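What follows is a short report on a single structure.
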Amino acid sequence: RYIGWNAHLRHEQVQFEQRVAFVDPNFMEFFPHTLTKGTFSATSNHHRIFLTEKLANKFFNGVDPVGKTLTLFMGGDKRAEVEIAGVLKDHPFNSSFYFEAVADFSLFTALHQIDETRWDHWIQASTFVKIPTPTLAKELSGQLGRFVDLNNKARETWQYLRMEIVPFKDPNLTEDNVYGAYTNFRNEPVVLYIFGLIGFLILLLACFNLANTSVALMGKRMREIGVR
């Protein structure tokens with residue numbers, strides 16, 4: 001599971017508002033990330049947090065932050081002390097996820113006092129599953145209807161129309177189109193086609209200008225030869 005949330009992180013007198021991803025422990029197995037410092041293994045009983053290289057440098061200016069403590073604020077009295085367990089290599093700009101820190105999903109539920117066994121809570125987390133075949137994915141999607149009924153009975157003001165399994169590479173899997181997707185904004189293919197067409201037209205215009213200039217210079221050169 002994965003939730004992206006804006007939270008305030010503070011170390012001593014330095015504080016920043018950052019995008020924090022709250023994930024289950026196996027998230028890094030689903031979507032491998034490279035650690036430049038620290039370890040994914042739990043080494044203490046404290047809530048863990050991982051910072052990207054960019055955020056680690058903002059707080060500590062090149063000093064190894066592993067083992068240091070940050071205070072995480074999520075509004076009101078929702079705060080917790082978190083221990084920096086590692087530093088993640090900055091993810092590429094076109095990554096499907098965008099965050100500057102990663103914390104445990106259990107920390108999110110604890111701060112918001114969420115009972116995960118109840119259907120009347122507002123929490124909407126992205127849930128990722130590995131399914132070996134498209135056929136099995138279709139079968140599982142067909143079995144999700146019973147959970148729609150459970151939600152609609154518990155939450156009369158928030159009714160589901162359907163639940164389905166969506167391929168991770170689906171271009172519609174964005175926060176704009178799927179509530180609670182928490183994945184990065186993806187451009188529609190038509191956008192790429194438009195920019196590609198514009199680039200082609202610019203190149204075609206440049207070739208036309210080059211040909212026109214070459215013909216003009218050739219004509220001038222022919223007149224010079226004729227005069228001689």
Side-chain angles (χ1 to χ4, degrees), residues 1-7 16-24 27-36 50-58 87-102 124-142 144 148 158-225:
R1 293 173 297 177
Y2 170 91
I3 286 182
W5 209 265
N6 288 340
F16 298 106
E17 182 180 4
Q18 302 293 156
R19 183 77 167 185
V20 180
F22 295 89
V23 303
D24 281 326
F27 178 81
M28 295 301 177
E29 298 175 11
F30 269 58
F31 306 101
H33 286 70
T34 302
L35 274 177
T36 59
F50 297 88
L51 308 182
T52 61
E53 292 175 312
K54 180 180 178 181
L55 183 57
N57 287 328
K58 282 177 68 174
V87 177
L88 298 168
K89 186 176 181 62
D90 290 333
H91 43 75
F93 178 76
N94 62 343
S95 172
S96 295
F97 303 100
Y98 56 110
F99 54 76
E100 296 296 342
V102 179
Q124 301 285 342
S126 293
T127 302
F128 301 98
V129 294
K130 288 184 178 180
I131 302 175
T133 64
T135 302
L136 181 57
K138 187 175 181 179
E139 292 177 2
L140 292 176
S141 286
L144 296 177
V148 174
W158 191 270
Q159 298 286 288
Y160 286 175
L161 295 177
R162 68 182 185 277
M163 295 178 69
E164 61 182 329
I165 296 174
V166 181
F168 184 67
K169 293 183 179 181
D170 190 325
N172 294 317
L173 187 62
T174 69
E175 285 187 322
D176 283 345
N177 300 319
V178 181
Y179 182 79
Y182 300 112
T183 51
N184 210 347
F185 304 104
R186 305 177 185 180
N187 289 325
E188 296 289 342
V190 66
V191 176
L192 301 179
Y193 298 151
I194 290 174
F195 280 104
L197 178 60
I198 292 174
F200 174 76
L201 292 176
I202 292 174
L203 180 61
L204 185 64
L205 181 61
C207 292
F208 176 78
N209 287 337
L210 177 62
N212 191 39
T213 302
S214 298
V215 170
L217 292 175
M218 185 180 297
K220 180 180 180 182
R221 184 60 178 166
M222 290 293 291
R223 287 196 297 272
E224 292 178 354
I225 294 174

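Keep in mind it's a predicted model, so treat the numbers as computed, not measured. Numbers for residues simply follow the sequence, beginning at 1.
- The distance from the CG atom of Asn209 to the CG atom of Leu204 is 10.0 Å, given to the nearest 0.5 Å.
- Atom NZ in Lys138 sits 13.5 Å away from atom CD1 in Ile131 (nearest 0.5 Å).
- Between the side chain of Thr36 and the main chain of Lys89, no donor-acceptor pair closer than 3.5 Å is present.
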**OP:** Decide yes or no on side chain to side chain contact (heavy atoms under 4.5 Å, CB included) for Leu35 and Leu88, but give the supporting numbers first.
**Re:** CA-CA 5 Å; Leu35 274 177; Leu88 298 168; 3.6 Å; yes

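- Listed by chain and number, the residues in a side chain to side chain contact (heavy atoms under 4.5 Å, CB included) with Leu161 amount to none (sequence neighbours excluded).
- Smallest separation of non-hydrogen atoms from Ser141 and Ile165: OG-N, 3.0 Å.
- Listed by chain and residue number, nothing satisfies the salt bridge (charged side-chain N to carboxylate O under 4.0 Å, His left out) test with Glu17 (two or more places apart in sequence, or in another chain).
- Every residue two or more places apart in sequence or in another chain was checked for a side chain to side chain contact (heavy atoms under 4.5 Å, CB included) with Asn57, and none qualifies.
- Scored by the side chain to side chain contact (heavy atoms under 4.5 Å, CB included) test, Ala101 finds Leu9, Val20, Ile49, Leu51, Leu55 as partners (sequence neighbours excluded).
- You'll find the ring centres of Phe99 and His91 inside the 6.0 Å limit.
- A side-chain donor-acceptor contact under 3.5 Å links Glu100 and Thr52.
- Counting all heavy atoms, side chain and backbone alike, Glu53 lies closest to Asp90 at N-OD1, 3.1 Å.
- Applying the ring pair (Phe, Tyr, Trp, His ring centres under 6.0 Å) rule to Phe31 yields the partners Phe27, Phe97, Phe128, Phe168; only residues at least two apart in sequence or on another chain are considered.
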**OP:** Could you please spell out the steps behind the side chain to side chain contact (heavy atoms under 4.5 Å, CB included) verdict for Val102 and His33?
**Re:** CA-CA 11 Å; Val102 179; His33 286 70; over 6 Å; no

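- Evaluation of the ring pair (Phe, Tyr, Trp, His ring centres under 6.0 Å) rule for Phe22 yields Phe108 as partners, not counting sequence neighbours.
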